[in-house]
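These notes concern the structure reproduced below.
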Amino acid sequence: MTGFATDYATDYATDFASLHRAGAPLLLPCAWDHASALALAGEGFRAVGTTSLGVAAAGGLPDGASATRDETLRLALTLGSQPFLLSVDAEGGFGDDPDEVGGFARELAAVGAVGINLEDGLGPVDRHAAKITAVRSAAPGLFVNARTDTYWSGDGDWSDTLRRLEAYREAGADGVFVPGLTDPARIAALAAHFDVPLNVLYSPTGPALRHLADLGVRRVSLGSLLYRRALGAALETAADIRTGRTPGGPTPTYDEVRALG
C-alpha cells in the first residue's frame with residue numbers, strides 16, 4: 001500500500017512538472033484558505049499555490065518570519081487531497097536546519113502537496129543550497145522551486161543572482177524563481193541560462209503573460225496579488241455602501257460560497 005501511495009504521489013508531481021511548458025507557462029494563482037483555493041480550481045486552474053503573506057495575515061502573524069509553520073501545514077492538509085495540484089509557499093522552510101526543512105517537506109508531500117517554494121531571504125547561499133538538497137532527499141517527488149530575493153528585497157545584483165541560482169540548481173532545484181524581476185532582457189537571459197523552468201512573479205507594471213511566455217518564462221506566480229486585491233475589493237465595497245453607492249463587480253452568492261466548504 002505504501003508503494004502504491006508513493007507512485008500515486010509521484011504521478012501527480014510529474015503532472016505538475018509537465019505544466020511548466022515553454023511557450024505556455026504555468027500561471028499559478030495563490031490561495032490563502034480552503035474557499036479561495038477551491039474557487040480558483042473551479043475556474044479551471046489545474047494547479048494552485050499558497051501565498052505566505054495571505055496565510056500569515058489571515059492568522060494575524062508576520063510574513064517571512066518563520067511564524068506560520070503550523071498554519072501552512074494545516075492549510076496543506078486541507079488542500080492536499082483536493083482535485084488540483086498544490087504547491088506550497090514555505091518561506092525559507094521555517095528554520096535554518098536543513099534536516100528540519102527536509103522534515104517539513106516530507107510532511108507536505110505526505111498530505112498531498114506536489115511542490116514547495118523555498119526563499120533564500122538573501123541569507124547564506126550554502127545554507128539555502130543545503131536546504132534544497134535536504135528536501136530533495138526527504139521528499140524526492142516534490143517539485144522544489146528555489147527563490148532568490150536579490151530583486152525582491154535586495155538591490156538587483158545580477159552577478160549575485162546568477163551565483164545564487166546556479167548554486168541552488170546544483171543542489172537539486174527543479175525550478176528557479178526571481179520575484180521582483182521585470183526587465184525583459186534580464187528575464188530572457190535567465191530563461192536561456194538555466195536548464196530548469198524560470199519562474200517570475202507577475203507584476204501589473206511588468207510584462208504581460210504572453211510577453212513572459214515569449215521571453216522563455218515557464219511559470220508565472222501571482223503571489224499575494226489575489227489576496228491583496230480581495231482586501232481591496234472588501235474595503236471598496238464597504239466604502240461604497242457607507243456613501244450610498246451600490247457595490248459593483250462580481251459577487252458569489254451565499255450558496256456558491258457555502259458549496260466550497
**Request:** Output, in order, the C-alpha distance, side-chain angles, deciding distance and verdict of side chain to side chain contact (heavy atoms under 4.5 Å, CB included) for V178 and R186.
**Result:** CA-CA 11 Å; V178 191; R186 289 287 170 89; over 6 Å; no
**Prompt:** Checking side chain to side chain contact (heavy atoms under 4.5 Å, CB included) for the pair L226/L40: CA distance, chi angles, key distance, verdict?
**Reply:** CA-CA 10 Å; L226 300 182; L40 289 166; 4.0 Å; yes
**Request:** In sequence, state the C-alpha distance, the side-chain angles, and the governing distance for F16 and F84, and then conclude on side chain to side chain contact (heavy atoms under 4.5 Å, CB included).
**Result:** CA-CA 10 Å; F16 182 64; F84 52 81; over 6 Å; no
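Here CH2 of W32 is found 8.0 Å from CG of L231. Values are rounded to the nearest 0.5 Å. Atom CZ of R147 sits about 10.0 Å away from atom CG of N199, to the nearest 0.5 Å. Taking CG from L162 and OG1 from T148, the interatomic distance works out to 10.0 Å, rounded to the nearest 0.5 Å. Going from atom CD of E71 over to atom CG of D33 covers 13.5 Å, rounded to the nearest 0.5 Å. Atoms CZ and CG, on R136 and D174 in that order, are 4.0 Å from each other to the nearest 0.5 Å. Note that CG of L79 is 4.5 Å distant from CG of L75, once rounded to the nearest 0.5 Å.
If you chain together hydrophobic residues whose side chains sit under 4.5 Å apart, V111 and F104 never meet in one group. Hydrophobic clustering of Ile, Leu, Val, Met, Phe, Trp and Tyr side chains at less than 4.5 Å, counting indirect connections, keeps L85 apart from F45. Follow the hydrophobic side-chain contacts under 4.5 Å out from L26 and you never reach F194; the two are in separate clusters. Tracing side-chain contacts under 4.5 Å through hydrophobic residues (I, L, V, M, F, W, Y), one reaches L165 starting from V196; they form part of the same cluster. Side-chain heavy atoms closer than 4.5 Å link hydrophobic residues (I, L, V, M, F, W, Y) into clusters, and following such links, even through other members, never connects I116 to L19.
Heavy atoms of other residues, nucleotides or ligands lying less than 6.0 angstrom from CD of E170 number 12 at most. R245 CZ: more than 12 foreign heavy atoms inside a 6.0 Å radius. In the displayed structure, R210 atom CZ is contacted under 6.0 Å by more than 12 heavy atoms of other residues, nucleotides or ligands.
Screening V200, T182, L27 for a side-chain contact (heavy atoms from CB on, under 4.5 Å) with L212, the sole residue that qualifies is V200.
Contact check for L190 versus L181: side-chain heavy atoms found under the 4.5 Å cut-off. Between V101 and I132 there is no side-chain heavy-atom pair separated by less than 4.5 Å. A heavy-atom distance below 4.5 Å is found between the side chains of D195 and R169.
Judged purely by atom type and a 3.5 angstrom limit, K131 has no side-chain atom pairing as donor or acceptor with the backbone of E119. For T78 (side chain) and R74 (main-chain N/O), a donor-acceptor pair under 3.5 Å exists by modelled atom type. Under a 3.5 Å cut-off, the side chain of T253 and the backbone N or O of E256 do form a donor-acceptor pair. Without hydrogens or angle criteria, S221 side chain to G223 main chain gives no donor-acceptor distance under 3.5 Å. Not one N or O on the side chain of D240 forms a donor-acceptor pair closer than 3.5 Å with the backbone of T246. Proximity of a side-chain donor or acceptor of D89 to a complementary backbone N or O of T51 within less than 3.5 Å is not detected. Side chain of S137 to backbone of T133: no donor-acceptor contact under 3.5 angstrom is found.
For the pair R127 and D120, the salt-bridge criterion is not met [side-chain N within less than 4.0 Å of a carboxylate O]. With respect to the salt-bridge test (charged N to carboxylate O, under 4.0 angstrom), the residues R163 and D160 qualify. Electrostatic pairing of R69 and E107 counts as a salt bridge here, judged by a charged N lying under 4.0 Å from a carboxylate O.
The nearest pair of heavy atoms linking E91 to S52 is CG-CB, 3.9 Å. The minimum heavy-atom distance linking V88 with A113 is given by the pair CG2-CB, 4.0 Å. When every heavy atom of V257 is checked against every heavy atom of P252, the shortest pair comes out as CG2-CB, 3.8 Å. Considering all non-hydrogen atoms of both residues, G92 and L118 come closest at C-CD2, 4.0 Å. Between L122 and S153 the shortest heavy-atom distance is CD1-OG, 3.9 Å. Among all heavy-atom pairs drawn from S87 and L28, the shortest one is CB-CD2, 4.4 Å.
Ring geometry for F143 against H20 counts as parallel: the plane angle stays under 30°, on a 0 to 90° scale with 60° as the upper cut.
Hydrophobic side-chain contacts under 4.5 Å tie W152 into a cluster, directly or through other members, with F177, L201.
The closest side-chain donor-acceptor pair between D157 and T150, if any, does not fall under 3.5 angstrom.
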